[in-house]
Amino acid sequence: MFGHYDRLMQELRMEDQQSFFNFLRMPPEMFDEILNRVGPRIQRRDTRLRKALEPGLKLAVTIRHLSSGDKYPTLQYDFRVARNTISMFVPEVCQAIVDEYKVEAISCPTTQRKWRDIAEEFQRKWNVPHACGALDGKHIAIRCPSNTGSLFHNYKGFFSVVLLALVDVDYKFLWIDIGGCGSMSDAQIYNNSELKECLEEETIGFPDPDPMPNDDKNVPYFILGDDAFGLRTYLMKPYSQRGLTDEQLITNYRISRGRRVVENEFGILAQRWQLLLTTMMQQPNVVRNIVDCCVCLHNVMRLRYPTQQNAQLDMENDQHDLIPGLWRATANMYEVNMVIGPNRDTVAAKKQREYLRLYFNSQAGSVPWQNRMISA
């Protein structure tokens, strides 16, 4: 009766809802919705020896853990719950949230119409036609798991798991993979993923190739990646060699401008769930469960409150100069190492990128400010 759940949270709910939001990174209405949907999954029966913890208390401790990064010893004093008890129910609550929300929150399109809608938004907001998402990965620091050698040790010198994600133009996750170990590169994880299999086998549901705006040649739809991935007709990336021509630099600017959404996505994910910026003390399987929960909650919040956190995103002024988002001013998750090896670029993909180069530098596909951007 003396912990934050019974005292502080009730006071904030009644008198200062903005502080409630700061405390749990969500408004009271969102907390209540999650409790109503997840509560039955985490409710336990009373025994003759003790009363079961309230679902609301378990949810509050879990959300506070995710949002602040506070460790279990701190939370036990804040909420008056033993830390060994917290360590048992936090994974349970995270799994319940994933089970309840994942199908609704993380939904990769499977129809041409939905992919086309995403591509149209990329064209409208970022002037990249036929782009269906942006792909990237980030390290999430963990304590060294026992008996794993260098499996989780990454090129930055710490232990981690990898979150690889495909993101849409509205800063929502379309697809995630949290199975990668720290020693693996983006490309290794992607090459073993279901996403690549669906792209290779053309079962993902991309629209049939058609002309880009103001053009007459059919061009496949694609996702945007970086140099960690092999160039494919369904995956476009910037030119990587030195001594690029102005036209190639403009192409890089246009592709990178579209890829900015995935950088911002990871940035605002970590700013909301600051546990991702700490060294997580749980075992890798629990860490993956927690990260899955954070992604689900992020997407739910973007669906319910689409304008929240927009002030933290990168912006452009009237001249299209980049104004860095607030998330860049604080700590962020590390990029995954780029290992360039077996990901050979295909001939068809090189021809497609060359066509994009011509398109971006033509009257049909250019934007007025692009030449200024490469000369700045």
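No hydrogens, no waters, no symmetry mates; every other heavy atom, side chains included, goes into these values.
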Using salt bridge (charged side-chain N to carboxylate O under 4.0 Å, His left out), reason through Arg353 and Glu247 one step at a time and then give a plain yes or no. CA-CA 12 Å; Arg353 186 169 62 182; Glu247 288 191 350; over 6 Å; no
Run the numbers on Arg288 and Asp292 for salt bridge (charged side-chain N to carboxylate O under 4.0 Å, His left out), then give the verdict. CA-CA 6 Å; Arg288 292 181 177 117; Asp292 205 2; over 6 Å; no
Could you go through Ile250 and Asn371, starting from their C-alpha distance and side-chain angles, then the distance that decides it, and tell me whether this counts as side-chain contact (heavy atoms from CB on, under 4.5 Å)? CA-CA 7 Å; Ile250 286 172; Asn371 288 301; 3.2 Å; yes
Tell me, with the steps shown, if Ile268 and His298 meet side-chain contact (heavy atoms from CB on, under 4.5 Å). CA-CA 9 Å; Ile268 61 176; His298 170 87; 3.7 Å; yes
Evaluation steps, side-chain contact (heavy atoms from CB on, under 4.5 Å), between Lys71 and Arg83: CA-CA 9 Å; Lys71 305 302 183 186; Arg83 62 182 177 181; over 6 Å; no
Let me see the working for Tyr221 and Arg116 under side-chain hydrogen bond (donor to acceptor under 3.5 Å, both in side chains), right down to the final yes or no. CA-CA 9 Å; Tyr221 285 73; Arg116 197 182 302 277; 3.0 Å; yes
Pair Arg304, Glu104 - check salt bridge (charged side-chain N to carboxylate O under 4.0 Å, His left out), show working. CA-CA 12 Å; Arg304 302 290 192 277; Glu104 168 191 340; 3.0 Å; yes
Show the numbers, then the answer: is there a side-chain contact (heavy atoms from CB on, under 4.5 Å) between Leu322 and Arg260? CA-CA 11 Å; Leu322 176 65; Arg260 204 181 293 158; 3.5 Å; yes
Show your working on salt bridge (charged side-chain N to carboxylate O under 4.0 Å, His left out) between Glu354 and Lys351 and close with a plain yes or no. CA-CA 5 Å; Glu354 284 302 298; Lys351 290 180 177 179; over 6 Å; no
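Side-chain rings of Tyr234 and Phe206 stay apart, their centers remaining 6.0 Å or farther from each other.
To the nearest 0.5 angstrom, Glu120 atom CD is 9.5 Å from His130 atom NE2. Distance check: Leu235 CG to Gln352 CD gives 10.0 Å after rounding to the nearest 0.5 Å.
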For residues 171-184, run the donor-acceptor check on the side chains, cut-off 3.5 Å, and write out each pair with its distance to 0.1 Å, sequence neighbours left out.
from, atom 1, to, atom 2, distance (Å)
Asp177, OD1, Gly179, N, 2.8
Ser183, OG, Leu151, O, 2.6

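The backbone N or O of Asn285 lies less than 3.5 Å from no partner atom in the side chain of Asn289, so there is not a single donor-acceptor pair. Looking at Trp273, its side chain does come within 3.5 Å of a backbone N or O of Cys294 through a donor-acceptor pair.
In this pair, Phe159 and His153 present their aromatic rings perpendicular. The plane angle is above 60°, beyond the 30 to 60° band. Relative ring orientation between His4 and Phe23 is described as perpendicular, the plane-to-plane angle rising above 60° on a 0-90° scale split at 30° and 60°.
Summarising the local packing, CD of Gln319 is surrounded by more than 12 heavy atoms from other residues, nucleotides or ligands at distances under 6.0 Å.
Of the options Thr251, Ile374, Asn361, a side-chain contact (heavy atoms from CB on, under 4.5 Å) to Asp246 is made by Ile374 and by none of the others.
The salt bridge (charged side-chain N to carboxylate O under 4.0 Å, His left out) search around Asp99 returns none, not counting sequence neighbours.
Between Lys114 and Asp168, none of the side-chain N atoms (NZ, or NE/NH1/NH2) sits under 4.0 Å from a carboxylate O, so this pair counts as no salt bridge.
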